[in-house]
Enquirer: 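Sharing a structure with you now.
Small disclaimer: the values here were computed from a predicted structure and weren't measured.
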Amino acid sequence: MNKFPAGFLWGAATSGHQVEGNTNNDWVQWEKDNAERIAGEANKKWEKWQQEKFPEMFTVENYISGQACDQYNRYAEDFDLAKAGGHNAHRLSLEWARIEPKEGEFSAEGIEHYRKVLTALRERGLEPFVTLWHWTDPIWVGEMGAWGNKETVKYFHRYAERVFNEYKDLVTFWMPLNEPNTEVSLGYMFGNQPPGIKSKLAANTAFKNLMQVQKDIYQVAKAVSPDFQIGCSHFMFDIKSHNRLPWNVLATKIMDYFANYRFFKAFNDSCDFFGIQYYQSFHVNFRIGGKFFGLFENKEVSEKRSDLGWQIYPEGIYNVLTKAAKNGKPIYITENGLADATDTYRSEFIQEHLKYVQKAIADGVDIRGYFHWSLIDNFEFVEMRGFWPRFGLIEIDYKTLERKPRKSFYVYKEIIENNGIKGE
Ligand code: BGC
């Protein structure tokens, strides 16, 4: 059996708004205003097989985060399960709105809550990886124009400094921002998630402000504790040209630049490690009438698809890891997973992706941990897909909030216990 390096971190990832329940941020308002419209558009957005398999996509409740998984109250139970699954690390995000519900007014209750949560992780031997911003903003930040407004950089700075000081005894690994690229493109350029803006200019401003934040926060963090490890999180598409036609190769390079290299260039000096988040590949094929700008399509590379229709392509993780390694920073895989309500593919998905992670390690890539997305089913808020896509190692019954580990939970547990994959 090929072993992973000693000290490898194993865990799963979640985000506050997706699991906690009863959050009060700019997304909650947006959900209320848009749920009915999105439910009405489900028949255009999803394929027939998806509509038949998940009829809840036509209901308004599917798009309202509401009590979500109630992890706000049930975190101890969830962390017990993570521990029972052999995990030694866990990634989660703090809700800025709970910590600073009004501008300049920090909530003792909110701060105390996350102290309890982080202590609960430590007590179970789970190394916390803490994200400060997983896309949601307090309502007062939303009202100011969120990341379209330069002032937000200053406010975030103050929030981050407070959090670093509050929890410096509990946390070493911080990820100030989750996938800034994704929120910038979906929230500010295409407008299909909050703040729902459709403007290239706004997207550019938001990207610049987020870049500034990462730079500032890196300095702030190191001033609080030089031992802090600061990460940059990036949703990394495996972008490849499907053929050797020169225009296809060129188009692929341009896409790769905007999707990946631009990010690394901007963020390389403001982090100690990269958090790579891999879900999908994009094998560019030039075709008039294709989905991308009407010119390109994503060539089929696998028959296996997740419930969201994403191709399952484990080799892609090798491709993105070896590309990201060129930046010379250690890498943690801070998200990788699939929507699979029946748990048909998840075990194989984990094993096959991890084999490619081992291959990258064998080729010299410095990879130090893996966080599956996600520990529990949750409110899949990307593009406001809602509750029907099921990403959890643990199933949630949204009526009773009962947690039930899936078969893949135990497969992952065995890998962790062996620190390797059987049969390898
Ligand atoms: C996000 C998660 C999300 C996952 C699956 C990532 O881009 O960080 O919040 O649930 O993708 O779509």
Enquirer: For residues T131 and R91, is any side-chain donor paired with an opposing acceptor at under 3.5 Å?
Expert: yes
Enquirer: Got a sec, which residues hit side-chain contact (heavy atoms from CB on, under 4.5 Å) with I139, two or more places apart in sequence or on another chain?
Expert: N24, E143
Enquirer: Within a radius of less than 6.0 Å around NZ of K83, do more than 12 heavy atoms belonging to other residues, nucleotides or ligands occur?
Expert: no
Enquirer: Under the ring pair (Phe, Tyr, Trp, His ring centres under 6.0 Å) test, which residues partner Y159, sequence neighbours left out?
Expert: W96, F156
Enquirer: Would you say the side chains of D363 and Y318 form a donor-acceptor pair under 3.5 Å?
Expert: yes
Enquirer: Side chain of S408, backbone of V411: donor and acceptor closer than 3.5 Å?
Expert: no
Enquirer: Under 3.5 Å, which donor-acceptor pairs link side chains of residues 258-269 to any protein atom two or more places apart or in another chain?
Expert:
from	atom 1	to	atom 2	distance (Å)
N260	OD1	H234	NE2	3.0
N260	ND2	F237	O	3.2
N260	ND2	D256	OD1	2.8

Enquirer: Does any part of the side chain of L338, heavy atoms only, come nearer than 4.5 Å to the side chain of W373, both counted from C-beta?
Expert: no
Enquirer: Can you confirm whether the side chains of Q193 and E183 place a donor and an acceptor under 3.5 Å from each other?
Expert: yes
Enquirer: Taking salt bridge (charged side-chain N to carboxylate O under 4.0 Å, His left out) as the definition, give me every residue that meets it alongside K154, ordered by chain and number, with sequence neighbours left out.
Expert: E151
Enquirer: By ring pair (Phe, Tyr, Trp, His ring centres under 6.0 Å), which residues pair with W30, not counting sequence neighbours?
Expert: none
Enquirer: Could you tell me if D307 and W388 have a donor-acceptor pair between their side chains, going purely by distance under 3.5 Å?
Expert: no
Enquirer: Taking atom types as modelled, find out whether H17 and E31 have a side-chain donor-acceptor pair closer than 3.5 angstrom.
Expert: yes
Enquirer: Answer yes if the side chains of S233 and E179 hold a donor-acceptor pair under 3.5 Å, and no otherwise.
Expert: no
Enquirer: Taking 4.0 angstrom as the limit, do K355 and E315 come out as a salt bridge?
Expert: no
Enquirer: Could you tell me whether R158 and E100 make a salt bridge, using a distance below 4.0 angstrom between a side-chain N and a carboxylate O?
Expert: yes
Enquirer: Aromatic ring centroids of W10 and F4 under 6.0 Å?
Expert: yes
Enquirer: What are the two closest non-hydrogen atoms of S374 and A13, and how far apart are they?
Expert: OG-O, 2.7 Å
Enquirer: Are W133 and L94 packed together at the side-chain level, in the sense that at least one heavy-atom pair is separated by less than 4.5 angstrom?
Expert: no
Enquirer: Do T14 and H90 make a side-chain contact, defined as non-hydrogen atoms from C-beta onward lying under 4.5 Å apart?
Expert: yes
Enquirer: Is it true that D343 and K404 make a salt bridge, defined as a side-chain N closer than 4.0 Å to a carboxylate O?
Expert: no
Enquirer: Knowing that exactly one of F274, F371, F129 qualifies, which makes a ring-ring contact (aromatic ring centres under 6.0 Å, His included) with Y332?
Expert: F129
Enquirer: Among residues two or more places apart or on two chains, list those pairs meeting salt bridge (Lys or Arg N to Asp or Glu O under 4.0 Å) that have a residue in residues 204-229.
Expert: K222-D272
Enquirer: Do the side chains of R115 and E166 get close enough for a salt bridge, i.e. N-O under 4.0 angstrom?
Expert: no
Enquirer: Are E95 and T136 linked by a side-chain donor-acceptor pair shorter than 3.5 Å?
Expert: yes
Enquirer: Between M236 and I276, what is the shortest heavy-atom contact and its length?
Expert: SD-CD1, 4.0 Å
Enquirer: Can a side-chain donor-acceptor contact be found between N62 and E56 if the only test is distance below 3.5 angstrom?
Expert: no
Enquirer: Could R368 and F8 be counted as a cation-pi pair, given that NZ or CZ must be under 6.0 Å from the ring centre and within 45° of the axis?
Expert: no
Enquirer: For the residue pair F391 and Y279, does the interplanar ring angle fall in the parallel (under 30°), tilted (30 to 60°) or perpendicular (over 60°) class?
Expert: perpendicular
Enquirer: Testing the 3.5 Å rule here: is there a donor-acceptor pair between the side chains of Y370 and H372?
Expert: yes
Enquirer: Distance check, rounded to the nearest 0.5 Å: F106 atom CZ versus R162 atom CZ?
Expert: 5.5 Å
Enquirer: Are a donor atom and an acceptor atom from the side chains of E20 and T23 found within less than 3.5 Å of each other?
Expert: no
Enquirer: Ignoring hydrogens and geometry beyond distance, is a side-chain donor-acceptor pair present between E127 and N88 at under 3.5 Å?
Expert: no
Enquirer: Looking only at side-chain N and O atoms, does Y313 offer a donor or acceptor that is under 3.5 Å from a partner on Q280?
Expert: no
Enquirer: Output yes when D78 and R74 qualify as a salt bridge under the 4.0 Å nitrogen-oxygen rule, no when they do not.
Expert: no
Enquirer: Have a look at K304 and tell me which of Q311, E348, E352 forms a side chain to side chain donor-acceptor pair (under 3.5 Å) with it.
Expert: E348
